[in-house]
Participant: 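First the structure, which I've put down as structure tokens, then a few questions once you've had a look.
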Amino acid sequence: MFPQNILSYCWMVFIFVFCTMFILYRIPTLPNFLWNLISYGKVRNVSGRGKPSKKQTWQSKLDKVLDVPKRWFIHFYIVSVICNSFLLFNLISVVFYNGEMPGWYLDVLRFLTNYPLQNPKASQLSIIIVIALLLIQGVRRLYECLVISSYSNSTIHISHYILGLLFYAFAGINVVAEGPELTGKVQMDSVRQLAEQLEWFHVAGILMFLWATYHHHVAHKIFAGLRTGHKDRSHRIPHGDWFELVSSPHYLAEILIYASLIIVLGFQHSMIYLVFFFTLANQVFASISVHEWYRQKFDNYPKGRKAIIPWLL
Ligand SMILES: NC(=O)c1ccc[n+]([C@@H]2O[C@H](COP(=O)([O-])OP(=O)(O)OC[C@H]3O[C@@H](n4cnc5c(N)ncnc54)[C@H](OP(=O)(O)O)[C@@H]3O)[C@@H](O)[C@H]2O)c1
């Protein structure tokens with residue numbers, strides 16, 4: 001069902017790794033270095049886990065070297081904005097101005113994926129819309145990191161950081177890999193000609209993207225509001241909007257955002273399913289660990305609230 005190429009094998013490995021984390025997380029005697037590898041952010045400080053004993057000072061030093069500040073998330077969105085702006089600019093140049101994709105980019109595309117496909121799985125319009133949506137997502141998150149979010153000193157393992165950079169750098173390559181060939185042969189005369197490719201699923205996917213984006217943004221505003229007017233950077237119980245239903249509405253919204261891209265691509269595009277399953281695996285894992293962390297930390301945590309799927313999980 002899934003394509004055979006280097007990029008898709010990488011996705012499958014990472015999806016497998018995140019599924020393995022569900023099992024590792026349940027092991028109470030997990031060695032500290034593994035706990036630090038699989039946990040991140042506020043969850044790392046859960047009831048003594050990940051704190052090395054005094055005898056293990058060499059290990060605590062190593063752990064510190066391998067940690068980076070969680071506020072470095074901003075680098076992901078800088079990478080995303082650069083890569084997707086480059087891609088969108090070149091796609092428009094190819095489609096309307098007889099332009100060519102840079103040779104090195106096509107080499108990377110051929111090396112990592114099955115590009116070019118004999119029967120492309122998405123139209124030019126689908127590809128352009130999805131890259132534009134990825135760009136919008138990157139710009140919004142960059143804005144939130146710069147202007148809205150308020151970070152504590154929490155950390156992430158460097159492997160999460162590197163994986164995040166790769167994720168945002170390669171997300172767009174997955175999309176164009178199964179689209180039409182990126183040569184001047186596809187040149188169109190006008191936006192109207194491109195608009196003739198419009199289908200119901202483009203409209204449905206964009207509406208879902210906007211709906212999920214709105215709630216994603218609201219969740220980050222609520223988080224930031226919890227620290228407004230407080231000198232300390234401690235964590236509190238969030239309330240409002242989807243927080244009334246789940247502990248991590250921003251992770252739920254992220255999953256919906258990637259689901260909306262599957263819809264815009266007309267359900268035919270196989271690489272986007274891998275990107276979606278990667279997001280699903282890591283966001284569900286993160287939400288479960290966050291949910292348990294809240295319940296352990298706050299005695300008055302709302303009982304009916306689920307981790308990520310309202311009323312279910
Ligand atoms: N597509 C993917 O594969 C993927 C993977 C990972 C993340 N993401 C996305 O990236 C975004 C950020 O993820 P994240 O894991 O960094 O989210 P997060 O841990 O919930 O943190 C988001 C922000 O809210 C603050 N915060 C969190 N809980 C708080 C609380 N109880 N009280 C006060 N402030 C709180 C955090 O501060 P601290 O500095 O204290 O943490 C941080 O500034 C999310 O929207 C997520 O969907 C996507």
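Being a predicted model, the structure only gives us computed values, none of them experimental. Each ligand, and each atom within it, is numbered from 1 in the order the structure gives. Starting from 1, each residue takes its place in the sequence as its number.
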Participant: So, Tyr161 versus Trp72, ring centres under 6.0 angstrom or not?
Facilitator: yes
Participant: Say whether Phe111 and Leu117 are linked into one hydrophobic cluster, either directly or through other cluster members, by side-chain heavy-atom distances under 4.5 angstrom.
Facilitator: no
Participant: Between the candidates Glu254, His235, Lys221, Arg141, which shows the shortest non-hydrogen contact distance to atom 11 (C) of ligand 1?
Facilitator: Arg141
Participant: Counting non-hydrogen protein atoms only, what is the nearest one to atom 42 (C) of ligand 1? Give residue, atom name and distance.
Facilitator: Tyr151 CE2, 3.7 Å
Participant: Under 3.5 Å, side chain of Thr113 to main-chain N/O of Leu109, donor-acceptor pair present?
Facilitator: yes
Participant: Looking only at side chains, do Ser270 and Lys121 share a donor and an acceptor under 3.5 Å apart?
Facilitator: yes
Participant: Give the residue, atom name and distance (to 0.1 Å) of the protein heavy atom nearest atom 19 (O) of ligand 1.
Facilitator: Lys70 NZ, 2.9 Å
Participant: Contact between Tyr251 and Asn282 at the side-chain level, heavy atoms closer than 4.5 Å - yes or no?
Facilitator: no
Participant: Show which atoms of ligand 1 fall inside a sub-4.0 Å distance from at least one heavy-atom site of Tyr168.
Facilitator: 1 (N), 48 (C)
Participant: Does Ser154 come within less than 4.0 angstrom of ligand 1, counting non-hydrogen atoms of the residue?
Facilitator: yes
Participant: How far is atom 27 (C) of ligand 1 from its nearest protein heavy atom, and which residue and atom name does that atom have?
Facilitator: Lys42 NZ, 3.3 Å
Participant: Please determine if Arg236 and Asp232 form a salt bridge, counting it only when a charged side-chain N lies under 4.0 Å from a carboxylate O.
Facilitator: yes
Participant: Closer than 4.0 Å to some heavy atom of Phe278 - which atoms of ligand 1 meet that?
Facilitator: 3 (O)
Participant: Mind checking whether Phe276 has a heavy atom under 4.0 Å from ligand 1?
Facilitator: no
Participant: Looking at non-hydrogen atoms alone, which of Phe243, Tyr77, Phe76 comes nearest to atom 9 (C) of ligand 1?
Facilitator: Tyr77
Participant: Tell me the protein heavy atom at minimum distance from atom 20 (O) of ligand 1, and give that distance in Å.
Facilitator: His250 NE2, 2.7 Å
Participant: Classify the angle between the aromatic ring planes of Phe278 and Phe18 as parallel (below 30°), tilted (30 to 60°) or perpendicular (above 60°).
Facilitator: perpendicular
Participant: Quick one: which of Arg227, Arg71, Gln283, Arg233 has a heavy atom closest to atom 37 (O) of ligand 1?
Facilitator: Arg227
Participant: Among Ser150, Ala224, Cys145, which one puts a heavy atom closest to atom 43 (O) of ligand 1?
Facilitator: Ser150
Participant: Identify which of Arg236, Lys297, His216 has a heavy atom lying nearest to atom 30 (C) of ligand 1.
Facilitator: Arg236
Participant: Taking 4.0 angstrom as the limit and counting only heavy atoms of Phe167, give me the atoms of ligand 1 inside it, by number and element.
Facilitator: 1 (N)
Participant: Taking distance alone, with no angle check, do Ser234 and ligand 1 share an N/O pair under 3.5 Å?
Facilitator: no
Participant: Checking Arg305 against Tyr301: charged group under 6.0 Å from the ring centre and within 45 degrees of the axis?
Facilitator: yes
Participant: Between Arg140 and Glu144 (salt bridge meaning N to carboxylate O under 4.0 Å), is one present in this structure?
Facilitator: yes
Participant: Consider every N or O of Ser149 and every N or O of ligand 1, then say whether any pair is closer than 3.5 Å.
Facilitator: no
Participant: Any N or O of Tyr258 that comes nearer than 3.5 Å to an N or O of ligand 1?
Facilitator: no
Participant: Students should be able to answer this: which protein heavy-atom is nearest to atom 15 (O) of ligand 1, and at what distance?
Facilitator: Tyr40 OH, 2.5 Å
Participant: For residues 77-85, tabulate all N or O donor-acceptor pairs below 3.5 Å that involve a side-chain atom, not counting sequence neighbours.
Facilitator:
residue: Tyr77; atom: OH; partner: Arg141; partner atom: NE; Å: 3.2
residue: Tyr77; atom: OH; partner: Arg141; partner atom: NH2; Å: 3.4
residue: Ser80; atom: OG; partner: Asn84; partner atom: ND2; Å: 3.4
residue: Asn84; atom: ND2; partner: Ser80; partner atom: O; Å: 3.1
residue: Ser85; atom: OG; partner: Val81; partner atom: O; Å: 2.5

Participant: Applying the 4.5 Å side-chain criterion to the ILVMFWY set and letting contacts propagate, would Val284 and Phe16 be lumped into a single cluster?
Facilitator: no
Participant: Can you pull out the closest protein heavy atom to atom 35 (C) of ligand 1? Residue, atom name and distance to 0.1 Å, please.
Facilitator: Phe223 CD2, 3.5 Å
Participant: Any idea which protein heavy atom is nearest atom 22 (C) of ligand 1, and the distance to it?
Facilitator: His220 CE1, 3.8 Å
Participant: Are Gln4 and Tyr9 linked by a side-chain donor-acceptor pair shorter than 3.5 Å?
Facilitator: yes
Participant: Please go through Leu207's hydrophobic cluster and name the other residues, only I, L, V, M, F, W, Y counting, with side-chain heavy atoms under 4.5 Å joining them.
Facilitator: Val203
Participant: Return the residue, atom name and 0.1 Å-rounded distance of the protein heavy atom closest to atom 39 (O) of ligand 1.
Facilitator: Ser152 N, 2.8 Å
Participant: N/O of Trp293 under 3.5 Å from N/O of ligand 1, yes or no?
Facilitator: no
